[in-house]
Chemist: 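Let me give you the structure first, and then I'll get to my questions.
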Amino acid sequence: MKKILCFFGALALVLTSCSSDDSSESTDAVLLPKKITETEVINGQSGSTTYTITYDGNKLKEIAVSDASRSVYTYTGDLITKVEVYYSGILNSTDVYAYESGKLVSRITTREANKTIQDKLTFVYNANGTVNVNESDIINRQEIKYDTTTLYTFSNGNIVSSEYINGEREKITSTFDDKKSPYTNITGVKALLDLDYFDFYSANNTTKNVTVDYDSDGKVTQTATVENGIKYISNYFSEAFSGDTKNSSKLEVAY
């Protein structure tokens with residue numbers, strides 16, 4: 001869910017859609033997404049997930065998902081510092097975010113089922129402007145670091161590539177439009193990059209994703225391209241679609 005409609009990375013094919021409609025009425029509107037619906041059709045079988053979002057002003061309060069889960073957000077000032085995830089009303093896990101000078105430096109995830117093991121992400125801001133997100137575990141308060149990392153590259157306020165490296169590699173390279181992301185007015189989410197439900201960081205919307213998988217020797221094992229036909233309302237993203245009647249993905253946003 002981290003990149004809009006990049007669901008078919010495992011398929012060596014190209015999905016294209018040429019339809020694009022700009023029904024913008026005003027470029028000055030300040031909108032917040034209230035409901036997001038993802039619909040996938042795989043081999044002719046359709047399924048959907050709905051996210052209902054509530055706010056305190058422009059700050060996230062809760063994202064309720066149609067699978068009976070929900071995430072509850074806590075802020076310190078304008079930064080998200082805690083996210084609690086519930087399933088059927090029972091607390092499942094808690095993410096705690098730490099910052100330095102407004103930049104996210106770590107996220108520690110504690111699961112209620114086993115609090116002695118925690119997942120940790122550490123954010124390293126490189127001199128060339130990229131960011132590495134390094135993975136580790138904390139077991140009985142001792143940190144065990146791994147070689148697994150995700151490398152983010154940025155341009156014009158967007159995440160233009162994300163590369164997951166764990167012996168093998170998967171790199172997603174994205175092309176963007178010049179319209180507003182539905183998340184652009186939500187306080188504090190930009191600092192999360194794309195760690196939560198969606199690509200909260202990017203200012204614009206993905207029109208194409210190219211996913212390339214590499215083996216441990218650096219050889220390409222498969223490539224998949226997904227192009228999105230996008231519709232807009234008031235200069236904001238409202239809908240994207242890729243695919244055909246047998247395999248497709250659609251994302252719809254209601255404000």
Side-chain angles (χ1 to χ4, degrees), residues 1-7 15-39 48-65 71 73 75 77-80 83 102-104 129-131 152-162 172-210 225-243 249-255:
M1 296 183 290
K2 305 293 178 73
K3 289 288 184 183
I4 291 175
L5 302 176
C6 188
F7 296 110
L15 301 179
T16 62
S17 176
C18 296
S19 64
S20 181
D21 170 55
D22 188 349
S23 58
S24 71
E25 300 171 0
S26 169
T27 59
D28 299 323
V30 178
L31 303 181
L32 293 170
K34 304 295 178 58
K35 184 178 180 180
I36 299 173
T37 303
E38 290 181 320
T39 303
S48 64
T49 303
T50 300
Y51 306 84
T52 302
I53 308 173
T54 54
Y55 300 89
D56 179 6
N58 281 32
K59 294 180 179 180
L60 280 175
K61 185 175 181 181
E62 179 179 293
I63 298 180
V65 190
S71 295
Y73 292 77
Y75 284 76
D78 288 335
L79 296 173
I80 295 169
V83 180
K103 291 184 176 180
L104 184 62
T130 61
V131 175
Y152 290 103
T153 302
F154 309 89
S155 179
N156 298 320
N158 297 307
I159 298 175
V160 293
S161 72
S162 62
I172 302 173
T173 302
S174 302
T175 303
F176 290 83
D177 61 15
D178 60 356
K179 306 296 185 182
K180 293 181 180 179
S181 161
Y183 320 112
T184 191
N185 296 317
I186 305 176
T187 300
V189 297
K190 187 178 178 70
L192 301 185
L193 302 179
D194 67 347
L195 297 184
D196 216 317
Y197 288 106
F198 305 99
D199 175 4
F200 283 139
Y201 177 89
S202 295
N204 307 116
N205 309 289
T206 308
T207 59
K208 182 169 74 172
N209 285 312
V210 178
T225 299
V226 177
E227 296 190 23
N228 304 316
I230 302 181
K231 296 181 180 180
Y232 307 92
I233 183 171
S234 298
N235 212 38
Y236 289 80
F237 172 101
S238 66
E239 181 181 314
F241 176 85
S242 66
S249 295
K250 182 166 68 173
L251 188 73
E252 301 168 278
V253 177
Y255 296 94

Chemist: Answer yes or no: is there a side-chain heavy-atom contact under 4.5 Å between Val189 and Ile80?
Modeler: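 Sidechains of Ile80 and Val189: in contact.
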Chemist: Look at the aromatic rings of Phe200 and Tyr183 and report parallel, tilted or perpendicular, splitting at 30° and 60°.
Modeler: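 Perpendicular: the ring planes of Phe200 and Tyr183 meet at over 60°.
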Chemist: Show your working on side-chain hydrogen bond (donor to acceptor under 3.5 Å, both in side chains) between Asn209 and Thr206 and close with a plain yes or no.
Modeler: CA-CA 7 Å; Asn209 285 312; Thr206 308; 4.5 Å; no
Chemist: Would Phe154 and Thr130 satisfy side-chain contact (heavy atoms from CB on, under 4.5 Å), going step by step from the backbone distance to the final call?
Modeler: CA-CA 7 Å; Phe154 309 89; Thr130 61; 5.5 Å; no
Chemist: Any side-chain heavy-atom pair from Asn156 and Phe176 closer than 4.5 angstrom?
Modeler: no
Chemist: Would you say the side chain of Phe237 lies within less than 4.5 Å of the side chain of Pro182, judging by non-hydrogen atoms?
Modeler: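 Of all side-chain heavy-atom pairs linking Phe237 with Pro182, at least one is under 4.5 Å.
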Chemist: Working to the nearest 0.5 Å, report the span between CG of Leu104 and CG of Leu193.
Modeler: 7.0 Å
Chemist: Taking the six-membered ring of Tyr55 (Phe, Tyr or Trp), confirm whether the NZ or CZ of Lys61 is under 6.0 Å from its centre and within 45° of its axis.
Modeler: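 Pair Lys61/Tyr55 does not count as cation-pi.
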Chemist: Should Val83 and Ser71 count as side-chain neighbours, where that means a heavy-atom distance under 4.5 Å?
Modeler: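 The answer is yes, as the side chains (C-beta and beyond) meet within the 4.5 Å cut-off.
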Chemist: Do Ile172 and Ser162 have side-chain heavy atoms sitting under 4.5 Å apart?
Modeler: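 Touching, per the 4.5 Å side-chain cut-off.
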Chemist: Tell me whether Asp177 contacts the main-chain N or O of Lys179 through its side chain, where contact means a donor paired with an acceptor under 3.5 Å.
Modeler: yes
Chemist: Show your reasoning for whether side-chain contact (heavy atoms from CB on, under 4.5 Å) applies to Tyr51 and Lys34.
Modeler: CA-CA 8 Å; Tyr51 306 84; Lys34 304 295 178 58; over 6 Å; no
Chemist: Please report the C-alpha distance between Asn185 and Tyr255 in whole Å, then the side-chain angles of each, then the deciding distance to 0.1 Å, and finally whether the side-chain hydrogen bond (donor to acceptor under 3.5 Å, both in side chains) criterion is met.
Modeler: CA-CA 12 Å; Asn185 296 317; Tyr255 296 94; over 6 Å; no
Chemist: Is there a side-chain contact between Lys250 and Glu239 in this structure, where contact means two heavy atoms from C-beta onward sitting under 4.5 Å apart?
Modeler: yes
Chemist: Answer yes or no: is there a side-chain heavy-atom contact under 4.5 Å between Thr37 and Leu251?
Modeler: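 Sidechains of Leu251 and Thr37: no contact.
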Chemist: After noting the C-alpha distance and the side-chain angles of Tyr152 and Tyr201, does the key distance pass the ring-ring contact (aromatic ring centres under 6.0 Å, His included) rule?
Modeler: CA-CA 11 Å; Tyr152 290 103; Tyr201 177 89; 8.5 Å; no
Chemist: Nearest 0.5 Å, please: how far is CD1 in Ile53 from CD1 in Ile186?
Modeler: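 If I round to the nearest 0.5 Å, the distance is 5.5 Å.
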Chemist: Check step by step if side-chain contact (heavy atoms from CB on, under 4.5 Å) holds for Asn204 and Ser181.
Modeler: CA-CA 5 Å; Asn204 307 116; Ser181 161; 5.9 Å; no
Chemist: Only counting residues at least two apart or in another chain, list the ones meeting salt bridge (charged side-chain N to carboxylate O under 4.0 Å, His left out) with Asp56.
Modeler: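 In terms of salt bridge (charged side-chain N to carboxylate O under 4.0 Å, His left out), with neighbours along the sequence ignored, Asp56 is linked to no residue.
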Chemist: Test side-chain hydrogen bond (donor to acceptor under 3.5 Å, both in side chains) on Thr207 and Asn228; report intermediate values, then the result.
Modeler: CA-CA 5 Å; Thr207 59; Asn228 304 316; over 6 Å; no
Chemist: Just wondering, do Thr187 and Tyr75 contact through their side chains at under 4.5 Å, heavy atoms?
Modeler: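 Tyr75 reaches Thr187 side chain to side chain.
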Chemist: Between the side chains of Thr153 and Ser161, does any donor sit under 3.5 Å from an acceptor?
Modeler: yes
Chemist: Taking the side chain from Ser238 and the backbone from Lys231, do they hold a donor-acceptor pair closer than 3.5 Å?
Modeler: yes
Chemist: Does a sphere of radius 6.0 Å around NZ in Lys208 hold more than 12 heavy atoms from other residues, nucleotides or ligands, not counting ones at 6.0 Å or beyond?
Modeler: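 No - once you tally the heavy atoms of other residues, nucleotides and ligands closer than 6.0 Å, there are 12 at most.
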